[in-house]
2 protein chains.
Amino acid sequence: MTSHRPTSQPDSTDQPFASASGKAGSGKGVQRQDEIYRAISDAVIEHRLKPGARLREDALAEVFGISRTGIRKVLQRLALEQLVTLTPGKGASVTRPSAEEAREVFEARRLVESGLLAMLTRRITADELKELRALAGEEQQALQEHEQSVAIKLSAAFHNRLAALAGNQTLARFVDQLCSRSSLILAVYGHAGNLGCECSDHNQLVDLLQAGESEQAAIFMCRHLDSIEASLSIDDAPEEAPDLRDIFSAYQ
Amino acid sequence: MTSHRPTSQPDSTDQPFASASGKAGSGKGVQRQDEIYRAISDAVIEHRLKPGARLREDALAEVFGISRTGIRKVLQRLALEQLVTLTPGKGASVTRPSAEEAREVFEARRLVESGLLAMLTRRITADELKELRALAGEEQQALQEHEQSVAIKLSAAFHNRLAALAGNQTLARFVDQLCSRSSLILAVYGHAGNLGCECSDHNQLVDLLQAGESEQAAIFMCRHLDSIEASLSIDDAPEEAPDLRDIFSAYQ
DNA sequence: TTGGGCGCTATTGTATACATTTCGGGGTGA
DNA sequence: TCACCCCGAAATGTATACAATAGCGCCCAA
């Protein structure tokens, strides 16, 4: 009964946006898989799927109305971006970043994002500044309305857009990945009500950009990321491998 | 007759190092796929597979003695690292980087690698310096013996090792990818005898590292990468999409 | 002889079947 | 009562079968 499709009944009702015919169809297929990728990715970034959550292929295949083949492709992609971890013989689960990984991600972001800001001050336009301000505003509003998952996504969107505007897609994609992983790190090491980014930081950053203070903006970005990292409680092995021998050594 | 396996006869003779049983075997399977990944990746980096070369799934499956399923996994991974391009309905081919892409890769490398050097001067040990010198020496030797493909790989290995020693695996992996893509860029836009890296540059870089001149080392790295980029002949559309409308505009 | 339509072959895209591994339960023996 | 082993269910890993598509040459007509 593992069959993910009743075969006697079309499942168009299961997933209203499932690729109509249910059979092959290459052109649309990749598009569909892209949707699924984004769906899972968003769920992870918005903390609807928490680190450690198992992602069974059969279950996902049934939910999205495609076969395991397509799901595996999506999972592999997510694994290469380190959003999910693929343990051989065990399956996929949402990545639970290690403390070391967290340190690395923020170090990388400081290096890359501050560098991007320097490039950005030379080429940004008034319209783009306005767009960034709008994003920062939306984020702040979501935060005030306690829409945490929306705020998390908008915060990442701000950083992403910043990277994209610097005119280097390669770096922008890297920043995208780092932002996604940051969201995972926040999920593991962040405190409950803490979004990571301070409310007003992004607006101040836009101010510096507008003033053309590239040095100051870069420094501010480093501080911004530092403060996020500092707000985390990163202890080396929080829960992932409770060493009972060590914990109960007094009773042995 | 497209069947890539006679089915009546075990093909263990086709590939002496093919995963023994020829059937399933998860634990070893991923290891095997990793080998295949590296085999193709190396071939691309060493210019044995040139940009634009088609990579048919059946052919690869037969060569490596596994089914198309495994090959597709490897190709997808290569595609995400932008070493191969996956055109829907058409298949895989070695990526032919655009001029814009080339610019981006070198810009990214300048930013990241110079930043890594700054981190590196604070933590590098004498042994590690010796190792880097050895790598630079090997590279120079290969270059003198006109072993171009070996030299290319060693050059990338030098930059990779540099990144790894900085103690940030996330950034090191990114640099790895950028180096691989650089090799592709050299294959398309580089001149025949030009390796990219100047012979003595890497040695000089180690000198600066050893002296603890982090600022100077970072500047030198930027210049180093600049000179590689400058040695390329990047014209916007060399051969990939000859815009006939533009070329023959006088006749229209 | 050329231009356009058509069918064929080669190749990719997707689904499914089967082998293998892992994890948990229960039973047996010391 | 505890430890160990074996077995079975569930899930993954791999291969193969089948459907659809793209490329290409052929044929036919003007």
Selected nucleotide, minimal atom distance to A/Glu57 side chain, candidates C/dT11, D/dT12, D/dA15: D/dT12

Give the rounded distance in Å between these two atoms: CD of B/Gln76 and P of C/dT12. 15 Å

In whole angstroms, how far is the P atom of D/dT16 from the CD atom of B/Glu62? 12 Å

Between P of C/dT9 and CG of B/Asp58, the distance in whole Å: 17 Å

Whole angstroms only, please: what is the CZ-C1' distance between A/Arg56 and C/dC23? 14 Å

Please state whether the base of D/dG13 and the side chain of A/Arg68 form at least one donor-acceptor pair under 3.5 Å? yes

Find which nucleotide of DNA chain C each of A/Lys90 and A/Thr69 is nearest to by heavy atoms, and output the residue with the more 5' nucleotide. A/Thr69

Using atom CZ of A/Arg72 as one end and atom C1' of D/dA11 as the other, report the distance to the nearest whole Å. 10 Å

d(NZ, A/Lys73; C1', D/dT14) in whole Å: 17 Å

Does any donor atom in the side chain of A/Thr95 or A/Thr85 lie under 3.5 Å from an acceptor atom in the other side chain? yes

Are A/Glu35 and A/Arg32 close enough for a salt bridge, meaning some N to O gap below 4.0 Å? yes

Listed partners of A/Tyr37 passing ring pair (Phe, Tyr, Trp, His ring centres under 6.0 Å), at least two apart: none

Rounded to whole Å, CD1 of B/Ile71 lies from C1' of C/dG13 at a distance of 16 Å

Answer yes or no: is there a side-chain heavy-atom contact under 4.5 Å between A/Leu116 and A/Leu162? no

Who pairs with A/Glu107 by side-chain contact (heavy atoms from CB on, under 4.5 Å), at least two apart in sequence or on another chain? A/Arg103, A/Arg110, B/Met119, B/Asn168

Ignoring backbone atoms, test whether B/Gln33 places a side-chain nitrogen or oxygen under 4.0 Å from the OP1 or OP2 oxygen of D/dG13. no

Rounded to the Å, how far apart are A/Arg54 CZ and D/dA11 C1'? 7 Å

Bracket string, DNA chain D, 5' to 3' - pairs by Watson-Crick or G-U geometry under 3.5 Å, | interstrand: ||||||||||||||||||||||||||||||

Between B/Ser231 and B/His191, do the side chains contain a donor N or O and an acceptor N or O under 3.5 Å apart? no

Can you tell if the side chain of A/Arg109 reaches within under 4.5 Å of the side chain of A/Val105, non-hydrogen atoms only? yes

